[in-house]
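Got a structure here, written out as structure tokens. Questions coming.
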Amino acid sequence: MTLVRLLKDESLVAQWQKFLEEHYKSEIETVALEYPNKRSLYVDYWDIDEIDPKLAELLLNQPYKAVYNAEEALKNIDVASESKLILHFRIKNLPDTNRIIIRNIRANHLGKFMAIDGLVKKRTEVRPKLTVGAFQCSKCGAIIRIEQEEDILKEPSECYEDQGGCGRLSSFKLLPTLSQFIDSQKIEIQENPEGLRGGAQPERISVFLEDDLVGEIAPGDRVIVNGILHSMQRRRGTFRLTSFDKTMDANCIESQELAFEEVDITPEDEKQILKTSKDPDLYNKMKKSIAPTIYGMDIEKEALVLQLFGGLAKNMPDGTRMRGDIHTLFVGDPGTAKSQLLVYLSKLAPRSIYASGKASSAAGLTAAAVRDEFGEGQWTLEAGALVLADMGIACIDEIDKMEESDRSSMHQAMEQQEISVAKAGINATLKSRCSILAAANPKLGRFDEFLPIHEQINMPPALLSRFDLIFSILDKPNRERDTDLASHILRTHKGGELTEQIMRVKKSKHKKKEQEEFMKIVEPIYNPEFLRKYIAYSKRKIFPVMTDEALEILKNYYVDFRSSSEESVTFTPRQLEAFVRLSEASAKIRLSQEVTVNDAKRAIYIIDQYLRRVGMDRETGRFDIDIIATGISHSQHDRMRTLMDIIQRLGNESKDGNATRGDILQEAEIEGLESSKVEEALDRLKRQGQIYEPVHGKYKITEY
Ligand code: ADP
Ligand code: MG
């Protein structure tokens, strides 16, 4: 922070000294014990306000002066310490009147002590900044020291005699080894998404950190920064312009760790929540409260309720962390309200971000090291959607259009819930403890029930298998459903029309009653605000444990499934974990500290529905998680292995080492394989490079 000598005011120093000696002596002594590792004294604004309201007011309105003199006062306070203390005076807990949303910052806030809250979007490297420059005179060799108070280097204008110089005009050379530096860092804070109204782009502000504040903050962190707002003159080349950029000098950073702590729950709310949790129709009502304007999609909405509550993240003694967040993917036909659902959820859940797979910033979905204007030529670490949604839900639309650079970090982001960036000397691991709700459109425009899912969307199977639930949403004509859907959508619109007319036209012939009648179908049973409170309550208080019976049911289901097809691996342990998370979520909905048999059954039911739609092997009619995990069903796999054997054998028997197409088909038929399936498998083997076609119609195994 730039503090100018002129600010010194002896009476103010005395005032601060009195305050600090009387109320913060023991805190100062605590800091002194760890000095110089700890170099800051944190003072609560309300302590000052209580004892000396005038001083508190001065702090808010003339912060540079107030802080400067407080730091001077700190130097005068006696503590038992070997070295002389030079401490930063930092203020926490600013009053709400001085808390401001970034987009509301105006010229009259400049120079004031303000608090802004938001998300850390970017951060530069920590770099040393000159505080006292040591300059050597080229004429007499004297060392002249100049305090640096601005961003632009200040040189001596002459070789000052009072510093032992020759007094002449001269040229000077900066000697870094004799100069003093302070660590500095620049971060960019972005408005919290909750505060944004419909689709507005979040605004940002640059914040400068110095000394012990640097290095602690990572992109994705939710913070409140208390600091002094000021402006920085824009430059174009060497010209200085009359317009200025808003920036902040940070004085104190408070981090906001828990997302659901931000939701206020009053004792009345608590009563209402506990009463609601006993409702026998709770699950149904919860489901009906999700996006009521969207017709149907019962299973999807039930899954979304489970996702909102989530399972339990677990920390194991060996340091591993098990994800509790549930990841869901919707794949389906265009115009089936996928985007609509995602937007709805992103508004419902705290700390959620809605983003498109098509990257809107250099950081994309994950995170990146970028070199841009912000870093002034240096590398900056920038957070993408999954990091910004830490502790919330990341709603990612059109995830299939994700950038190549995101794909590789996505695996780690989904399972370990971290994203590592190692580039250009930046080595960072950012947290992405969010649950992912994604939507994807099929490659060919429409979803084909008879093709495996990975062939339809542009996503690698390894990534698909990390979703706990994948739902395909088909838009097939069906007279009954279409009638209901059409009636639902049309009535919703009519209800909206009635509302508008009654509100805006004086002599409408329509009545309030009629409007209410139409709006009933889209009225959520629990309104979003209550739902948020309910979820927050559950996340804070409910940590359910599996009963032995529930554990037994999940175990048996898993074992039965795997053994139902002799050698086929239909389920992987990853699916078992999905069962656990979903059953925990089910218990949390009821505010139950126990995962019961019914919770386990609900998890099984949901996964069953999902596998029925996308994980089914079309030929055998069996569930086969291999389709999702590897993109190939077990029966396809078997067939390909048989074919490879045939090609190998025929090749060995023939003169040129090739197996002809006709022979292969013939042999395959003897083995009981259908010729159309064989053609398909040959194609696939060729595409995968396991065989090649040296001459048209002849195949050979690729030797590695
Ligand atoms: P997608 O992202 O799946 O392509 P959108 O979310 O953009 O589809 O939805 C297209 C439009 O169709 C939206 O206005 C949505 O309200 C409407 N719509 C589609 N399906 C339904 C439904 N089941 N109930 C109500 N509206 C629907
Ligand atoms: Mg869409």
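When a ligand or atom number is given, it counts from 1 through the structure's own listing order.
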At their closest point, which heavy atom of I589 faces which heavy atom of Y534, and how far apart are they? O-OH, 2.8 Å
Indicate every side-chain donor-acceptor pair of residues 289-298 with a distance under 3.5 Å to a residue at least two apart or in another chain.
{"from": "S289", "atom 1": "OG", "to": "K285", "atom 2": "O", "distance (Å)": "2.7"}
{"from": "S289", "atom 1": "OG", "to": "Y526", "atom 2": "N", "distance (Å)": "3.0"}
{"from": "Y295", "atom 1": "OH", "to": "D484", "atom 2": "OD2", "distance (Å)": "3.3"}

Collect the protein residues that have a non-hydrogen atom under 4.0 Å from ligand 1 and hand them over in chain and number order. T293, I294, Y295, D333, P334, G335, T336, A337, K338, S339, Q340, L485, I489
Is there a donor-acceptor pair under 3.5 Å between the side chain of S586 and the backbone N or O of L582? no
The Mg ion (ligand 2) to nearest N/O/S of N441 less than 2.8 Å: no
Would you confirm whether S538, through its side chain, and K588, through its main-chain N or O, come within 3.5 Å as a donor-acceptor pair? yes
Is the distance between the ring centroids of Y557 and F579 under 6.0 Å? yes
Does a donor on one side chain and an acceptor on the other come within less than 3.5 Å for E418 and T429? no
